[in-house]
Amino acid sequence: IVPNDVYIIDMYAFAGSDNLVTVKIPNSVKVIEVNAFEECTNLTEINIPGTVEKIHIFIFNGCKKLNKVVYGNGIKEIESGTFYNCEGLTEFTIPNTVTKIDNHAFYGCKNMKKITIPKGVTEIGEYALGYYFAYYDNAVHYDKVEDFVIYGYLGTAGEKYALDNGLKFVSIGDARKTPKITGIKS
């Protein structure tokens with residue numbers, strides 16, 4: 001779908017394309033612009049290579065069937081609203097190169113139960129993980145996703161976000177540990 005000589009996928013390039021089911025981004029792409037795949041209601045899978053350095057806001061907004069995202073290591077930030085209302089996502093592993101998960105990055109992913117966050121993430125924005133929009137009692141509410149779990153490292157932004165938001169955290173290691181020195185060579 002995307003030719004091999006494309007460097008940038010432009011704003012709204014595929015927005016509303018109901019015929020898209022899977023997309024493999026070629027290695028030539030470095031940037032995916034704002035809302036590029038917004039409201040692609042039948043999109044289920046996307047493969048983003050490590051050559052992509054920048055993904056702008058809300059690129060998958062409303063892709064409700066999106067359930068598989070393959071990210072290469074290259075992305076530094078998951079921008080605001082990147083996976084907004086992607087209800088098909090049930091789990092996600094943040095690439096090791098990511099250092100920031102912006103506000104509302106995974107907001108509205110009501111069926112996501114598990115996210116794994118690497119040690120290198122140093123900042124997680126408001127309502128980035130584990131929340132969805134709900135309207136009841138004549139008011140808007142930020143409700144928590146039931147049974148949502150953050151897997152990550154002790155002493156990191158992932159653990160802090162879980163604690164600050166009353167979300168379950170499962171440790172997969174300790175980022176605070178220093179390497180053990182077993183001997184000194186002279």
Which one of V145, N85, I78 satisfies the side-chain contact (heavy atoms from CB on, under 4.5 Å) criterion with F106?
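Testing F106 for a side-chain contact (heavy atoms from CB on, under 4.5 Å) against V145, N85, I78 leaves exactly one candidate, I78.
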Checking F60, F83, Y84 against F37 for ring pair (Phe, Tyr, Trp, His ring centres under 6.0 Å), the one that qualifies is F60
Is there a donor in the side chain of N61 and an acceptor in the side chain of E38, or the other way round, less than 3.5 Å apart?
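Looking only at side-chain atoms, E38 and N61 do form a donor-acceptor pair, the distance falling under 3.5 Å.
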Let me check something: do [X] and [Y] share a hydrophobic cluster, defined by ILVMFWY side-chain heavy atoms less than 4.5 Å apart, either directly or through other members?
X: V34; Y: I32; value: yes
X: I117; Y: V149; value: no
X: V70; Y: I9; value: no
X: M11; Y: I59; value: yes
X: Y153; Y: L167; value: no

Note to self: Over 60° means perpendicular and under 30° means parallel, so tell me whether Y71 and F92 are parallel, tilted or perpendicular.
What the structure shows: perpendicular
Work out which heavy atom in [X] is nearest to a heavy atom in [Y]; give both atom names and the distance.
X: P3; Y: S28; result: O-OG, 4.0 Å
X: S171; Y: L154; result: OG-CG, 3.5 Å
X: T97; Y: G74; result: OG1-N, 3.1 Å
X: C40; Y: L20; result: SG-CD1, 3.9 Å
X: Y132; Y: K144; result: CE2-O, 3.4 Å
X: E39; Y: C63; result: N-SG, 4.2 Å

Could you tell me whether the side chain of [Y] reaches within less than 4.5 Å of the side chain of [X], counting heavy atoms only?
X: H104; Y: Y142; answer: yes
X: E79; Y: I55; answer: no
X: I75; Y: V52; answer: yes
X: Y135; Y: H141; answer: no
X: V21; Y: K65; answer: no
X: I25; Y: I46; answer: yes
X: E91; Y: T93; answer: no
X: N42; Y: N19; answer: no

**Item:** Ion pair check, E53 and K30, cut-off under 4.0 Å
**Value:**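 No, no charged N to carboxylate O under 4.0 Å.
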Please check this pair: side chain of [X] against backbone of [Y], looking for a donor-acceptor N/O pair closer than 3.5 Å.
X: Y161; Y: A128; answer: yes
X: N67; Y: G88; answer: no
X: S80; Y: D102; answer: no
X: N73; Y: N96; answer: yes

Nearest-0.5 Å distance that lies between atom [atom1] in [X] and atom [atom2] in [Y]:
X: Y12; Y: F58; atom1: OH; atom2: CZ; result: 9.5 Å
X: K110; Y: F133; atom1: NZ; atom2: CZ; result: 10.0 Å
X: E77; Y: K54; atom1: CD; atom2: NZ; result: 5.0 Å
X: T41; Y: D18; atom1: OG1; atom2: CG; result: 3.5 Å
X: L129; Y: I101; atom1: CG; atom2: CD1; result: 5.0 Å
X: I124; Y: N165; atom1: CD1; atom2: CG; result: 9.0 Å

- Within a reach of under 6.0 Å around NZ of K160, are more than 12 heavy atoms found that belong to other residues, nucleotides or ligands? no
- prompt: Would T22 and T44 satisfy side chain to side chain contact (heavy atoms under 4.5 Å, CB included), going step by step from the backbone distance to the final call?
  reply: CA-CA 6 Å; T22 62; T44 60; 4.1 Å; yes
message: The test is side chain to side chain contact (heavy atoms under 4.5 Å, CB included); show your working for V121 and T156 and say whether it passes.
response: CA-CA 7 Å; V121 173; T156 64; over 6 Å; no
Please walk me through it: do H56 and V31 pass side chain to side chain contact (heavy atoms under 4.5 Å, CB included)?
CA-CA 8 Å; H56 287 274; V31 177; 3.8 Å; yes
